[in-house]
There are 2 protein chains.
Amino acid sequence: MKITDVETIEFKTYSTIHYSRWGYQYDFFGPKYEVISSLTRIITDEDVEGICLGGNKAVTERWIKPLLLGEDPLDREKIWQWMYSLTRWRVNERIIGVIDMALWDLAGKYFNVPVYKLLGGFRDRAKAYASSGPNLGTPEDYADHAEECRKKGYKGYKIHPYIFYDPVKQEPCPDTRTFPEWDIKICKAVRERVGDEMILTFDPWTVGSGGGYSFEEAVWVGRELEKLNFYWFEQPLLEDRIEPYIKLCQELRIPILAPEMSVGSFYTRAEWITRRAADMIRMECGLGGITAVKKCVDVCEAYGVKCELHGGGFEHLHILGATSPKICEWYERGLLGPRFDYEKPRPPLKKICDPMDNDGNVLIPQKPGLGMEIDWDYIEENRLEQCDKP
Amino acid sequence: MKITDVETIEFKTYSTIHYSRWGYQYDFFGPKYEVISSLTRIITDEDVEGICLGGNKAVTERWIKPLLLGEDPLDREKIWQWMYSLTRWRVNERIIGVIDMALWDLAGKYFNVPVYKLLGGFRDRAKAYASSGPNLGTPEDYADHAEECRKKGYKGYKIHPYIFYDPVKQEPCPDTRTFPEWDIKICKAVRERVGDEMILTFDPWTVGSGGGYSFEEAVWVGRELEKLNFYWFEQPLLEDRIEPYIKLCQELRIPILAPEMSVGSFYTRAEWITRRAADMIRMECGLGGITAVKKCVDVCEAYGVKCELHGGGFEHLHILGATSPKICEWYERGLLGPRFDYEKPRPPLKKICDPMDNDGNVLIPQKPGLGMEIDWDYIEENRLEQCDKP
């Protein structure tokens with residue numbers, strides 16, 4: 001089997017995520033507006049193709065297509081190593097991830113099995129936590145939402161607190177201002193409302209260097225979370241600095257979950273393990289695809305460290321399907337908010353990736369490949385035309 | 001697909017390996033004598049089965065069969081974790097390896113591709129080194145053999161020196177007696193004969209606690225190997241003690257390759273990496289199968305450490321086929337000796353696993369599954385009958 005073409009299709013769709021002037025999302029569930037999205041296809045000479053949402057048209061044309069044409073799409077390891085040699089300058093880990101996922105999708109379709117069975121199956125469902133949007137309103141608004149999620153069967157709830165957001169004025173602000181007391185008010189309100197049984201986790205989502213909690217704020221917040229019996233404290237500090245993470249892991253009893261944003265794929269996660277900079281490791285397919293996440297999971301298993309996947313999606317469901325819950329415990333479902341219908345598929349997907357059973361579990365997709373069902377009519381109708389200049 | 005049966009077939013075959021009273025091989029290439037060998041089959045309801053040489057009939061019946069019956073043979077990860085829960089008491093890592101390899105063989109046959117393409121292909125051939133038998137004769141005998149191997153195209157040659165063997169009397173002895181000066185005589189004779197180009201490695205194959213080199217002998221041998229520009233120094237000390245390995249890695253410039261014998265699968269190798277107890281990691285499918293070796297390879301890649309596979313075989317060829325030579329560099333071909341025709345298949349195999357090209361590379365098997373071709377007539381003719389007592 002040979003790869004005969006790789007293309008990234010751009011099409012119009014919509015978003016509900018609203019960004020402030022400081023460049024970060026303050027609202028995930030606002031009015032719709034038009035955005036350009038993309039989908040990458042890997043085409044072969046054997047009437048089978050692999051697809052993945054995402055990809056950059058220019059990068060596909062300039063670097064990916066020449067690299068892949070004529071190759072066996074089952075040579076994922078070689079292709080991954082070739083692509084990783086282009087990181088930093090030509091191809092980033094997110095694009096590697098898209099190509100790698102499309103190759104896994106292709107393999108699953110070629111063999112007529114879901115990807116997790118190719119990886120080596122472990123389970124057909126996995127525990128999901130409801131992952132809140134940030135800035136959902138007052139602490140009581142969060143409590144209402146968490147209670148609603150508990151009633152839907154979720155066994156876990158993750159709080160994204162006030163992020164790039166002033167809870168007093170209820171308006172966006174830069175994250176050089178933080179509100180740890182308000183954040184803990186949310187945690188207290190939610191714990192009080194949902195009771196002791198529900199697993200609660202906390203993610204202040206630190207991205208800024210001058211922003212996010214100071215070390216002392218993170219220690220204070222961590223100790224409050226310990227009193228409230230939270231399960232993990234995620235990405236509490238800027239991840240470009242490892243030393244404060246090592247110190248924080250030593251200071252706090254609550255497990256620190258990181259690094260989420262750091263590039264360097266599974267190599268960086270391996271370093272965080274041996275540096276003891278995190279108690280649980282954060283990883284996602286945006287950092288090199290299924291091939292990279294599987295390697296990260298293997299490293300985590302070797303050292304007895306949890307590997308919690310960042311975000312949802314078909315790809316992460318398959319990783320969970322091929323992994324023990326002792327290593328990858330939770331599926332992140334969301335982001336969720338009271339004003340948002342997560343159960344409704346968003347184009348170009350015909351169905352959501354992660355339907356739930358009545359016991360708080362998501363079901364691992366059983367269709368061949370990743371299992372995405374694409375509305376190709378939608379893509380054709382909304383496809384961006386490339387016009388030559390007259 | 002469901003597993004409907006698992007059986008381990010015992011049959012008579014022959015061996016040429018001769019053991020001294022101290023329990024270790026002193027000669028791999030002696031006269032043939034009869035031994036009992038085995039093969040394990042995993043049978044499904046879908047007209048596809050997986051096989052692997054090895055397995056223990058009693059263990060298969062008592063523990064493996066009840067564990068596997070009715071399971072999807074593609075659920076390798078779950079089955080591996082279930083089996084590993086039985087290690088130490090009921091099922092050892094070698095048996096886990098046999099079952100895991102049979103499951104990979106089955107998957108490859110089910111999907112009609114060689115196993116390395118399921119893992120994610122990287123290459124279709126890999127560099128082989130000729131791995132000498134121990135106790136081949138005088139240092140000049142070793143030099144003759146190394147030269148012969150070089151002429152056949154091998155780019156590397158590994159010396160197994162005098163092991164459980166007195167080079168003066170040319171007869172077996174316990175390994176509480178060692179002959180480091182004689183061992184280095186071999187190394188000098190071989191280096192002198194084959195020239196500077198050929199990669200040479202050295203493996204005194206330490207198994208005893210009172211036996212094998214003392215720490216001081218290992219340091220002396222290592223320094224001599226450095227002068228002779230050897231590529232690695234393998235398993236120089238008893239592997240149950242980690243501290244002397246850490247010290248030896250610090251003392252010597254030549255890379256230390258270990259641990260070969262230590263149980264604990266890839267978990268133990270992860271520990272040796274972080275303890276800096278070895279410069280290169282030794283692993284094999286006998287320590288948990290392809291699933292475990294793949295995880296070990298992933299850990300090694302994460303930390304930039306070589307993973308050199310112990311011994312040959314179909315399973316290791318597929319690992320090499322799915323891995324960069326920067327991680328798994330060499331295939332171990334042998335053991336070889338001047339009195340032994342390695343190129344002739346040994347029953348029940350119809351063909352050897354590792355034919356070579358003219359440039360010192362072995363070819364990755366391209367048949368579906370592991371690619372073994374079994375002489376079933378031979379097995380039937382030599383099968384052990386189970387008789388009920390009259």
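Chain identifiers are assigned alphabetically (A, B, ...) following the order of the sequence lines, protein sequences preceding nucleic acid strands; residue numbering begins at 1 within each chain. As the structure is a prediction and not an experimental result, all values here were calculated from the model.
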| message | If you count heavy-atom pairs within less than 4.5 Å of chain A, which of B:G120, B:A322, B:G321 leads? | response | B:G120
| field | Segment of B:L103 engaging chain A (4.5 angstrom heavy-atom cut-off) | value | neither
| note | Closest non-hydrogen atoms of B:V113 and A:L74, given as atom of the first, atom of the second and distance, are CG1-CD1, 4.1 Å
Donor-acceptor pairs, chain A vs chain B, cutoff 3.5 Å:
residue	atom	partner	partner atom	Å
A:D72	OD2	B:K117	NZ	2.6
A:L74	O	B:G121	N	2.9
A:D75	OD1	B:K117	NZ	2.8
A:D75	OD2	B:K117	NZ	3.4
A:R76	NH2	B:L118	O	2.7
A:E77	N	B:G121	O	3.3
A:K78	N	B:G121	O	3.1
A:Q81	NE2	B:E301	OE2	3.0
A:K117	NZ	B:D72	OD2	2.6
A:K117	NZ	B:D75	OD1	2.8
A:K117	NZ	B:D75	OD2	3.4
A:L118	O	B:R76	NH2	2.7
A:G121	N	B:L74	O	2.9
A:G121	O	B:E77	N	3.3
A:G121	O	B:K78	N	3.1
A:Y267	OH	B:E301	OE2	2.6
A:A270	O	B:Y303	OH	2.7
A:K295	NZ	B:E301	OE1	2.6
A:E301	OE1	B:K295	NZ	2.6
A:E301	OE2	B:Q81	NE2	3.0
A:E301	OE2	B:Y267	OH	2.6
A:Y303	OH	B:A270	O	2.7

